[in-house]
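Working notes, structure below.
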Amino acid sequence: MSDLHEIYAKLRKMVFFVLALCALGWGFTPYPSVFAGLALGTAFGFYNFWILKRRMEKFDRAVAEGSQVRSLGTAIRFASGVAAVALAITFAEHIHLISTAAGLMIPYLLLLTERIIHQVRHY
Amino acid sequence: MTGSLGLLAAAIAVGLGALGAGIGNGLIVSKTVEGIARQPEARGVLQTTMFIGVALVEALPIIATVIAFIVMNQ
């Protein structure tokens with residue numbers, strides 16, 4: 001199985017691809033607010049993954065050293081999801097709310113897809 | 001803004017979501033630490049599995065929190 005950094009690098013590549021697609025959709029389709037919401041949600045979802053990766057590394061170091069870990073940053077991830085939706089509510093005329101909530105889940109879908117493809121190829 | 005019943009509904013949604021995430025994360029972390037203690041050479045694999053597990057466990061509570069926040073602001 002691949003390393004944590006490898007998974008994170010692959011996910012980053014896919015998220016940038018999705019963000020590029022969102023930029024194209026924002027510029028060239030009649031639904032700019034929907035694509036803006038998707039991009040915002042994806043960006044915050046990826047921020048969640050970055051926090052999770054950082055906390056995992058901290059957890060790994062703590063286990064190796066035998067020290068304690070206080071939390072895995074669950075509250076921060078909840079708060080960043082709420083922050084994305086709060087931004088969408090504040091700028092409701094530019095950012096579509098439901099697509100922001102859907103965009104928050106895009107990195108999770110990408111992670112699942114990447115893992116399924118990895119399992120099928122290697123096992 | 002919502003009434004008191006709506007606020008209660010949002011609180012229950014967030015609370016139950018966080019409860020599920022807490023139990024799930026606790027199980028994942030405890031089993032990972034147990035696995036690392038048994039087989040320190042498998043640390044990388046266990047860490048990767050834990051990363052994916054924690055990420056997927058937390059997806060639903062995040063959506064619960066977001067939906068509760070949306071409902072509160074309707």
Side-chain angles (χ1 to χ4, degrees), chain A residues 1-8 11 41 44-45 48-49 51-57 59-64 66 68-69 71-86 88-90 92 97-98 100-112 114-116 118-119, chain B residues 1-2 6-7 9-74:
Chain A
M1 188 178 267
S2 50
D3 181 35
L4 177 64
H5 295 276
E6 211 176 294
I7 295 174
Y8 180 73
L11 196 70
F44 272 86
N48 281 350
F49 265 97
I51 294 174
L52 186 60
K53 183 199 142 232
R54 223 179 44 178
R55 291 293 172 125
M56 285 290 150
E57 286 165 356
F59 174 82
D60 193 42
R61 273 200 304 273
V63 168
Q68 280 189 338
V69 186
S71 85
L72 286 173
T74 307
I76 300 175
R77 285 192 287 281
F78 284 13
S80 80
V82 171
V85 172
I89 290 173
T90 309
L97 181 61
I98 306 298
T100 308
L104 273 173
M105 289 298 112
I106 286 179
Y108 295 94
L109 285 179
L110 292 178
L111 178 73
L112 260 184
E114 196 269 325
R115 282 292 91 191
I116 290 169
H118 183 270
Q119 290 289 327
Chain B
M1 293 298 279
T2 50
L7 287 176
I12 289 172
V14 175
L16 288 181
L19 183 75
I23 293 171
N25 277 350
L27 285 173
I28 291 171
V29 172
S30 76
K31 294 293 174 191
T32 306
V33 173
E34 206 179 292
I36 291 173
R38 278 176 200 268
Q39 271 184 299
E41 69 273 9
R43 208 174 74 185
V45 179
L46 290 170
Q47 194 193 15
T48 310
T49 313
M50 181 179 156
F51 174 72
I52 297 163
V54 170
L56 295 181
V57 160
E58 280 187 357
L60 207 64
I62 287 175
I63 277 294
T65 313
V66 163
I67 289 174
F69 187 73
I70 291 172
V71 168
M72 270 173 62
N73 282 282
Q74 288 294 311

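We name chains A, B, ... by the order of the sequence lines, and we start the count at 1 in each one.
- No part of A84(A) comes within reach of chain B, as not one of its non-hydrogen atoms sits under 4.5 angstrom from that chain.
- M50(B) has its side chain out of reach of L46(B): every pair of non-hydrogen atoms, C-beta onward, lies at least 4.5 Å apart.
- Interface remark: M105(A) contributes side-chain atoms only to the contact with chain B (heavy atom separation under 4.5 Å).
- At a threshold of 4.0 Å, the pair E57(A)-K53(A) counts as salt-bridged, since one of the basic side-chain nitrogens sits closer than that to a carboxylate oxygen.
- Heavy-atom pairs under 4.5 Å with chain A peak, among P40(B), A68(B), P61(B), A64(B), at P61(B).
- Within the 4.5 angstrom heavy-atom criterion, only side-chain atoms of F59(A), from C-beta onward, approach chain B.
- For L112(A), the part sitting under 4.5 Å from any heavy atom of chain B is the side chain, from C-beta outward, and nothing else.
- The distance from the CZ atom of R55(A) to the OG1 atom of T74(A) is 9.0 Å, given to the nearest 0.5 Å.
- Between chain A and the options V29(B), V54(B), T32(B), N25(B), the largest number of non-hydrogen pairs under 4.5 Å is found for V54(B).
- In terms of heavy-atom pairs under 4.5 angstrom with chain A, the leader among V14(B), I70(B), I36(B) is I70(B).
- F69(B) places a side-chain heavy atom less than 4.5 Å from the side chain of I89(A).
- Proximity to chain B (any heavy atom under 4.5 Å) is restricted, for L104(A), to the side chain, taken from C-beta onward.
- Rounded to the nearest 0.5 Å, atoms CG (L60(B)) and OH (Y108(A)) are 10.5 Å apart.
- Between the CG atom of N48(A) and the CD1 atom of I76(A) there is a distance of 10.0 Å, given to the nearest 0.5 Å.
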